[in-house]
Amino acid sequence: RKEVEQDPGPFNVPEGATVAFNCTYSNSASQSFFWYRQDCRKEPKLLMSVYSSGNEDGRFTAQLNRASQYISLLIRDSKLSDSATYLCVVSGSARQLTFGSGTQLTVLP
Amino acid sequence: NAGVTQTPKFRVLKTGQSMTLLCAQDMNHEYMYWYRQDPGMGLRLIHYSVGEGTTAKGEVPDGYNVSRLKKQNFLLGLESAAPSQTSVYFCASSSGTQLNTEAFFGQGTRLTVV
């Protein structure tokens with residue numbers, strides 16, 4: 001079993017739609033949680049950290065459920081520029097990042 | 001604003017050849033990482049370092065060696081390249097001082113082993 005599992009995707013949604021990505025992790029000792037975004041053939045970049053209380057950044061909302069070892073990302077009012085691969089990431093005590101395989105999102109005009 | 005710089009950006013190797021990938025960061029970060037990314041596999045950790053002079057194995061270390069002689073540099077070596085090492089390699093660094101510390105990535109090295 002992979003340490004971080006994500007929805008396989010791809011997700012193709014129209015502009016303005018709301019889309020949700022889910023992720024589960026297997027290591028209960030994981031300490032930090034993130035969503036990274038990766039554009040085609042580019043390096044990953046931090047989208048947002050994920051906190052137990054849930055957090056929001058504009059159109060993006062992230063949730064963490066430690067008991068279920070579940071992380072989610074909600075994107076509201078999708079834009080064409082949101083098209084990318086979204087990577088669920090967890091971190092351990094040595095700060096090494098473990099990545100999910102990623103979920104590809106395409107926002108259609 | 002250099003951030004994390006990887007060299008080279010592209011390389012084609014013949015099976016059995018050796019090479020070194022260089023990662024340099026100018027943010028005074030303690031932690032540095034080497035990942036490889038293959039289609040459908042996500043990024044997998046090869047080796048990492050929590051400070052100058054230290055290295056540790058990640059998820060897929062076989063066939064690779066690393067060195068961190070200077071804080072700003074993290075080198076990844078392939079002693080005898082194999083076609084299975086064809087991949088995109090990403091270096092990353094982070095300060096590691098807080099739990100939710102952001103990791104910054106280089107632009108990647110696209111390596112093909114023929």
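Every chain is numbered from 1, with letters handed out A, B, ... down the list of sequences.
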Any side-chain heavy atom of [X] sitting closer than 4.5 Å to one from [Y]?
X       : Y        : value
B:Gln37 : A:Pro44  : no
A:Glu43 : B:Gln107 : yes
A:Trp35 : A:Cys88  : yes
A:Tyr36 : A:Leu47  : no
A:Asp82 : A:Val13  : no
B:Leu76 : B:Tyr89  : yes

With only heavy atoms counted, which part of [X] is less than 4.5 Å from chain A, the side chain, the backbone, both or neither?
X       : value
B:Arg44 : neither
B:Tyr35 : side chain
B:Leu45 : side chain

So A:Glu56 and A:Arg76, salt bridge (Lys or Arg N to Asp or Glu O under 4.0 Å) or not? Walk me through it.
-> CA-CA 11 Å; A:Glu56 187 174 308; A:Arg76 292 182 300 277; 3.6 Å; yes
Acceptor/donor pairs from residues 15-28 of chain A side chains to any protein atom, 3.5 angstrom cut, sequence neighbours excluded:
{"residue": "A:Asn22", "atom": "OD1", "partner": "A:Tyr70", "partner atom": "OH", "Å": "2.6"}
{"residue": "A:Ser26", "atom": "OG", "partner": "A:Glu3", "partner atom": "O", "Å": "3.4"}
{"residue": "A:Asn27", "atom": "OD1", "partner": "A:Ala29", "partner atom": "N", "Å": "2.9"}

Check each atom of [X] against the heavy atoms of chain B and say whether the ones under 4.5 Å are side chain, backbone, both or neither.
X       : value
A:Leu46 : both
A:Lys2  : side chain
A:Val89 : neither

Identify the residues of residues 66-75 of chain B whose heavy atoms come closer than 4.5 Å to a heavy atom of chain A, ordered by number, or report 'none'.
-> none
Identified side-chain hydrogen bond (donor to acceptor under 3.5 Å, both in side chains) counterpart of B:Tyr64 within the set B:His47, B:Arg36, B:Glu79 | B:Arg36
What residue in A:Lys42, A:Gln38, A:Gln6 has the most heavy-atom pairs under 4.5 Å with chain B?
-> A:Gln38
